[in-house]
Every structure is written in C-alpha cells, then in structure tokens.
Amino acid sequence: MTVASSFSVQALDALSEYDDVISWINDTLPISEDREEDAVDLVELDQHITQLLASLDISSEDTSSQLERTVRDVSRAVPRLTYDLHFMKDGALTLQSGLLHVRSRAKAAVPLSTQDALDKLHLLDTMKSHMESAREVLREAESWSTLEIEVTSLLSDHNYSKAAARLSEASRSMVVFQNTPEYDPRRALMVNLQNQLEASLSSALVAAINIHDLAACKSYFSIFSDIQREHEFRNYYNGSRKAEVVALWQNTQLLDCDGEGTMTFVEFLPKFYEHLLSLLNLERASMAFIFPDPAVSLSALISSVLSALQPTFPQRLTSLFNHYGDSVLKILISLFKMTEDFAAAAEKVTEKIKHSTPSMEASESPTSNPVTHKRRRSMRMSMSWRNTPPRSSSNTQNITKLSSLLDWEQELFQPFLDFQVEYVSLERRFLDENLRHITKNDGARDDTDSDGARLLRERAVDVFGAAEESVTRCVAFTHGYGAVGLVQALDGFFKSFVDMRTDGLRKTSSPSSSTYNSTEEGLSGLDYTPQDWAEIQHYLHLLSSARSVFERLLSFENKLRASLAQISTALRLSREDPITFGSNQSQLLSQSTLHSPDLHTLLESRPTDPLLVEARSAVYLFAKTCQECLQRTILSPLMKPLSGYASLPLWNAPGNSKSQKINELHVPSFSLSPSETVQRVADNLLNLPQLFEVYVDDDALSFSLHTLPHIDEPEIPLESQPTYVGHARRQSISRPVAQGPSPELVSSAWLSSLSRTLLTHLTKEVLPAIPALSQSGSAQLSSDLGYLSNIVRAINIEFDDLERWRTCIDSEDGGGVQDRVWKEVNRMRGVKKP
C-alpha cells in the first residue's frame, strides 16, 4: 500500500469520529494554522482534494457492496432462525419434564420416617436460635438494670478502667434497643454516666498532661476511647500543650500590628514558629507513645494552636497592610517565606512520626521508655501519604486519617490567600511606590536642560532594575499563578514611568524663539538661532534615549518571557504529578481566581506576541511628542513667515471683484511672481534635505517612524517594513530597533512628514484666515499656491488639500461642490450663500 493510499485510509477511518463533515474536511486537508503568513500551495491542495474524492468514491462503492452482502446473508438466515427458536423451545419443555420426573423419584427414594426426623431437626434448630437470641436480650436487659449502680460504685472506688469497660460493653448493646421505646432512656443514661466518668478523670488527666506522665496519659486515652470520648481527650491534651505557645502570640505587642512594643511582626514570627516547632519535636515522641495515630494527632495539635491565636493571623496581616501601605508586599513575601519554611519543617516532623510508632509491647508495659519501642511497632502508617497512593480498600481509613494532614497547612496558608488573589494590585502599588522613590528628586529638574536625555537613561536603569525584582516576587508569593497580574503591573509601571516623562516634556516644551529676520547663519538660508540648534540637539538626544528605553523594554520582555516559560513548566509538572511537584499552597492557589483562562492564554502565547503592550505604546507616544517638538523647531523658519501671510494687504488690492461690473472687460494678468513670503518658505523647504545630511548617521531619527505626524505607511517600501509583532499579515515600520530602516528611508519619511505638517498648517490655519480676496489678490494667491505646488512635487510630495485650494482659487465659478474649501473661497470673495 502506498503512502498516499495509507493517508486516504486513515482519513476515511477518522470520518466516523466527526459529527460535522466540514470539520473533517478542514482537519484532513493539510492547511496548517502556523502558516497564516504564507500562501497555501494550491497545486498541492488540489492534489489532496482529488485524492480524497477518489478515496471517497472507492469507499462508497465498497460500503454499498458490503451492505448488499449483509442484507443477502440476513435474508437467508432469518427463516433458519425461526426453526432454531422452535427447536430450542421443544428442548426446554423436554428438560422441564425430565426435571420434574427426577424430583418425584428423589422424594420417593427417601423413607417417610427419615423425612419426619429431618423436619423435627430443622424445627429444633430454629427454636434453639430464637431461644439464644431471647437469652441475649434478657441478659442485656438485666445488665442495663444494674448498669448505673455498677458504674457509680466503680467511680467511687476510683476504678476508672473497669467503669469504662462496663460502659463500653453497654454501649455495644445499644443496638439491641434500636427502634424501641427503651432506646432514648438508655441513651440518656449512657451519656450521663460517660459525663460522670469524664468529670472524675479531668483533673487527674490535666495533671498527668502537665507533668508529662506518658503512662498515665496513655491509660486515660484508653479509658476515653472506651467511652467514645477521644475528641474530648485530644481537647484536654492539646489545650494543655499549646498554652505556652498561644500565650507567646497573645502577650507579645507588635509595633506594626498593635501600635505598641518595639518588635515588628517580621521579627516576631520566626520566634513564634521556632517555639511551635520545638513543641512539635517534643510531642513527636510523646504522641507516638500515647496515640495510635500520632501523625494525625500532631496535625490536630498544629491546627488547634493556629485556631486559638488571638488576634488571629488574618487580623494581624490586615494590620500590617494598614501600617505599611503601598510597600506591604515586601513584608508579606517575607512572612510568607517564613511560613513556608515552617510548614516544610513541620511536615518533616510529621513524616518522622509516621515512620516511628511505638510497638504493641508498649501497651503491656506502660512504664517502659517509648523511644525504645518505636521501631518495633507495626508500620501501619510507615509509607508517606504524599508518595504512596492507596492500593486497596483495606487502608481507606488510614488514608482518610492521613488526608487530615492537609488541614493545618490550609489553615496556615489561608490568611495569605486573600492577599495573593489581589497580587496585581499589591505589585502595582509596590512598583508605583518604587517609581515615586526613583523620581522624587526629578521635579526640580527641567527636561529642556541638556541633562534631560541623560536623566531619562539613568532613571530607566533604576526602573528596569526594580522591575526585574517583580518576577522573583511573583514566584515567591504566588508560585507563578500571579503571572497575569505580574504582566499587567509591569505594563502599567513602565507606562507610568514613560508617561511622566511625556507629560514633563509637554509642559516644558515651547515654540521656538527664533525670528524670521534672524541674522544668524544657517544651512543655506535656514535661519536657526543657537537656541534652535540647542533644541534640535536636545530633542534628538531625547529620541535617542527613547530608543534606548525601547531596547531595554524589548530585552526585559525576553527575560520576562523566559521566566514565564519556567513558570509554565513548573505549573505543568504540578498538574501532571501533584504528589512530587505540588504542595498544599499550590493546591489552594490552583483553586483560586488566579488560576484563570487568562493565565493559560498568557503561558501558551506565542513567542512573537508582545507582552508589555501599553508600555510599548507609551514609549511610542513619548517618541511622537519628541518628534512633534523637534518638527516645531525645524519648521520654525518656515512657520514664522506664514504667521503674517493671511494679513498681507495684497489680498484686498484694488480691482476687487465686488466693484467690477459684469459687462466690464476682464483683462487677466500673466506671469505673476510668487510673493516674497512663499518664496522664502519654498526656499527653506528645498533646503531641508541638507539638514538631514548633517544627522544622517543619527539613529534617533530612525526610531518610531510610524508616529511621525502625517506620515503615511503605504509610502514606505515593503522591503523596509518587517511584520510587526502581534499583527499578522500587516506590514509596518514600527519594527524592533535592531532592524531599523535605511538612512534613505529615514530621510524620506522625515521630509515627507515635515512637508505635510507645513502644508497642513498652511491649508488648515493660514489660508482660511485670509479675510477677503480681490481679483488681483486671487491671482496672487493662485500664483503662490502654484509655485508652492511645484516645489512640493519636486520633493516627491503629493498633498491633495493644496491642489484643492489651487483649483478653487483658479475657478471663477463659486457654485461648484460645496465642500470646505469652496465655502472658504466664496467667503473670501464675498459670494453670498444660495
């Protein structure tokens, strides 16, 4: 079979698994989603379609043939099936008749006297069973009639063990009175006697616990177990053992939680955990001797300590939040790390106690040293509950007990969970606090100073340094589940930093102070003052700094993506093998709102997708602001002459069309020269390329070309436009800076933007400000616009509004299409609206 036929067979076999034929076709045809930027090979696709159609035709014919054979076989088999059923029915009737005959012969074979004897034996056995049951009931009734007297007498003689045994025996017989009127009174009596026994033992039990009399404690535990009061015994025991640790928590005044004392919570918590851990190590030997389930008992002791703390752990964390404000995250991470260290140490203690339980001989010699018998006891719970799953139903009870080991860890970490789910807010507030600290001395500095660009670079170093610590905080505090919040916080953090510089630049930037009649020498007539040159250098340095910040941003994104890959791997291992790579804290976080679809989307995103989208936009906005300020300075020799262009007297020179009679001969004037202002503007416009020859090697001009004012991306050659990250099938000049456009492209883009900015100012601001136009004024304006249009074309610029103004000025008919330009021209000429 060929490879192609094998492919067809596999494809047809998969058809039965689809409910929708269209989905099957889409999955079968070899069109990969990863090739979204490449054209599909139509020839190859046509071959696959042809092959698939042929396979479908052959398969259809084979199926029809098989269906015909099946129908033919069934048609032949149905008549014989009726015969077979009839034959089976006759056989069953014959068998039934034979069985009845054998049964009758068997009865006849047993003598009548023997049958009577067997019936009597059966009757006697039934009577014996009923009599024994009645005897047991009578004995239990007799036992209950003397129960209260016996137990009271035993308690008076301080014979607590026999009293407990008597109550245990009576408790087992309670089932006899189930669903009878005697049950409730006997139940009440049982509880009353158990309470009396517990009250008689409580003082002696507390004393034995306090003096660490393990033999007495073990004996008392047996008594409490006999009367189903194990829980009460554990309450007595845990209450006594935890008293010192709980008192340490309650009596210590903390400066940042209670407003009193000299110790902070970060200083106190390790001491508290140290005392608690010392208690657990001490109780590891004691509980192994007293309790049959020491690991569970030790876990219950930890839970008892944590639940008895006043003020509670969450209350103190809330006090910390109110005390430290925006910088609380660092404190919370320190406390969380301490808590994780304690949990790991406490878990080691529980693991040790599960591997060292006292032997059975210890129950026979309670005065013996419990440590000498630990290794001889049956290892009923010797295997770690984390590493060994239950293998049969026989150890279900032990597994259930071991699962309670999770309780104290959940109670220990639960207070942090509320802060962990708010990680994005905490991280953003912490970063904003760092940003305020980094820029606290920047308010007195002016971005127009020569140090503005250098200051931006220096602050960027501090900002990115602070951001790199965020990844460590995210992993330490949320085990990676806060990755979405991390990206959001960092994105907003970088955006705030850049926006601060953008706002400062906007506030400090001002129009150039150069004048049209400046006597300073420039580039072939471009009249720039020393201040203009200083501003050009300043804005170029700021653009260069913006480029440097953007490069740092891209580098940081790569580091962040690598960290996210590590987080993704860790979370995947935790899901696939929670016993080895998971923890209770991870389980809590996996069940929280941090484990959201957005987290999976982020961790599974393609390497080409941008992470810090808002930060990139902020850098581009800063670059755009720098470009606008730079353009304002560069165009100042061209803009300033135009400031008085609309008020020139030549627009309303004699020969106004309003005073001209209709039948008066119109003598047109020819070869009007452009006005001095337009000549000056056009000459300066032609001199602009020389300016870029000076800065041709400056990489700052090539950064963020797509944000240049009035730039049109289709003007940029496609070979200079790499695919922008995150926008498939779209070409753009907003490329990574390491692959910048050519110097020729940069010069062309800047010249185009500057020219369009100038012409936009002319057509939107200057020309509409002309108050009136006479006939000679229209001729002069037409000459100016024509001359300027030729100059613009000479530098390869097309500007529709300029041509529109020229067309409207040259036309004597003001009744054309009533667009904006026509309305302005008619107003200047005094043409009334229809």
Side-chain angles (χ1 to χ4, degrees), residues 321 324-330 333 422-448 451-474 477-478 482-509 542-561 563-564 598 602 610-629 703-704 707 726 734 737:
F321 182 81
Y324 289 101
D326 294 340
S327 60
V328 72
L329 180 59
K330 189 174 182 180
I333 292 175
E422 296 295 331
Y423 167 73
V424 58
S425 175
L426 294 174
E427 181 64 43
R428 180 60 192 277
R429 293 179 62 176
F430 187 81
L431 289 172
D432 288 343
E433 177 68 17
N434 283 345
L435 183 60
R436 287 191 292 269
H437 177 73
I438 292 172
T439 60
K440 64 180 179 181
N441 297 324
D442 293 353
R445 307 189 68 164
D446 193 349
D447 278 347
T448 60
D451 292 340
R454 180 178 58 83
L455 182 64
L456 175 59
R457 294 174 183 264
E458 293 176 354
R459 293 296 178 263
V461 173
D462 298 332
V463 166
F464 282 98
E468 289 179 354
E469 299 175 358
S470 298
V471 179
T472 304
R473 288 193 295 269
C474 176
F477 194 53
T478 69
V484 174
L486 170 67
V487 174
Q488 293 176 356
L490 288 173
D491 203 11
F493 172 59
F494 290 132
K495 182 179 185 299
S496 297
F497 166 67
V498 179
D499 285 347
M500 289 175 59
R501 317 310 300 183
T502 303
D503 295 339
L505 180 60
R506 288 172 174 171
K507 292 178 181 179
T508 56
S509 62
L542 286 178
L543 266 178
S544 179
S545 297
R547 181 189 184 94
S548 176
V549 171
F550 192 74
E551 290 175 346
R552 283 184 173 273
L553 185 65
L554 295 182
S555 177
F556 181 83
E557 270 197 3
N558 292 334
K559 295 179 181 179
L560 180 59
R561 197 179 305 279
S563 300
L564 292 178
D598 292 338
L602 174 64
L611 294 176
L612 307 175
V613 179
E614 295 295 330
R616 291 190 180 197
S617 299
V619 176
Y620 285 138
L621 179 60
F622 177 77
K624 179 180 180 181
T625 305
C626 292
Q627 291 166 342
E628 291 174 349
C629 294
F703 175 62
S704 189
T707 59
S734 50
V737 293

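Remember, it's a predicted structure, so these values are computed and weren't measured experimentally.
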### Closest heavy-atom pair and its distance - Leu543, Phe703
O-CD2, 4.2 Å
### Task
Could you check Val424, Leu602, Val613 and say which one makes a side chain to side chain contact (heavy atoms under 4.5 Å, CB included) with Val487?
Leu602
### Query
What is the distance from atom CD1 of Ile333 to atom CG of Leu426, rounded to the nearest 0.5 Å?
9.0 Å
### Query
What distance do Leu621 atom CG and Glu614 atom CD have between them, rounded to the nearest 0.5 Å?
11.0 Å
### Query
Just by distance, do the side chain of Glu427 and the backbone of Gly482 share a donor-acceptor pair under 3.5 Å?
no
### Query
How would you list, by chain and number, every residue that makes a side chain to side chain donor-acceptor pair (under 3.5 Å) with Glu422, sequence neighbours excluded?
none
### Query
What residues form a salt bridge (Lys or Arg N to Asp or Glu O under 4.0 Å) with Lys624, not counting sequence neighbours?
none
### Query
Which atoms form the tightest heavy-atom contact between Leu431 and Ala466, and what is the distance?
CD2-O, 4.3 Å
### Query
Taking atom OH of Tyr324 and atom CZ of Phe430, what is their separation to the nearest 0.5 Å?
12.5 Å
### Query
Ser704 and Gln627: which non-hydrogen atoms are nearest, and at how many Å?
O-NE2, 2.9 Å
### Query
Does Arg501 reach the side chain of Leu542, with side-chain heavy atoms less than 4.5 Å apart?
no
#### Entry: Closest approach of Ala467 to Leu490 (non-hydrogen atoms, all atoms of both residues)
CB-CD2, 3.7 Å
### Query
Is there a donor in the side chain of Ser555 and an acceptor in the side chain of Arg552, or the other way round, less than 3.5 Å apart?
no
### Task
With rounding to the nearest 0.5 Å, note down the distance linking CG in Leu554 to CG in Leu560.
12.5 Å
### Task
Using side chain to side chain donor-acceptor pair (under 3.5 Å) as the criterion, list what pairs up with Glu468, not counting sequence neighbours.
Lys559
### Task
Looking only at non-hydrogen atoms, find the nearest pair between Phe497 and Val463 and report the distance.
CD1-CG2, 3.6 Å
## Note on the structure
With sequence neighbours left out, the residues meeting side-chain contact (heavy atoms from CB on, under 4.5 Å) with Cys474 are Tyr423, Thr478, Leu486
### Task
Spell out, as yes or no, whether a donor-acceptor pair under 3.5 Å connects the side chain of Arg473 to the backbone of Lys330.
no
### Query
Under a 4.5 Å cut-off applied to non-hydrogen side-chain atoms, are Leu456 and Phe622 in contact?
yes
### Query
Under the side-chain contact (heavy atoms from CB on, under 4.5 Å) test, which residues partner Asp503, sequence neighbours left out?
Arg506
## Note on the structure
On a heavy-atom basis, the closest approach of Leu505 and Cys626 is CD2-SG, 3.5 Å
### Message
Which residues pass the side-chain contact (heavy atoms from CB on, under 4.5 Å) test with Ala615, not counting sequence neighbours?
### Response
Asp491, Phe494, Leu553, Leu612
### Task
Kindly write out the residues that satisfy side chain to side chain donor-acceptor pair (under 3.5 Å) with Glu433, not counting sequence neighbours, or none if the list is empty.
Arg436
### Task
Please name all residues satisfying side chain to side chain donor-acceptor pair (under 3.5 Å) with Asp598, sequence neighbours left out, ordered by chain then number.
none
### Message
Set out, in order, the CA-CA distance, both residues' side-chain angles and the distance that settles side-chain contact (heavy atoms from CB on, under 4.5 Å) for Leu329 and Arg429, then state yes or no.
### Response
CA-CA 9 Å; Leu329 180 59; Arg429 293 179 62 176; over 6 Å; no
### Task
Mind checking salt bridge (Lys or Arg N to Asp or Glu O under 4.0 Å) for Arg428 and listing every partner two or more places apart, or none if nothing turns up?
Asp432
### Summary
Contacts of Ser544 meeting side-chain contact (heavy atoms from CB on, under 4.5 Å) (sequence neighbours excluded), chain-then-number -> Arg457, Ala700
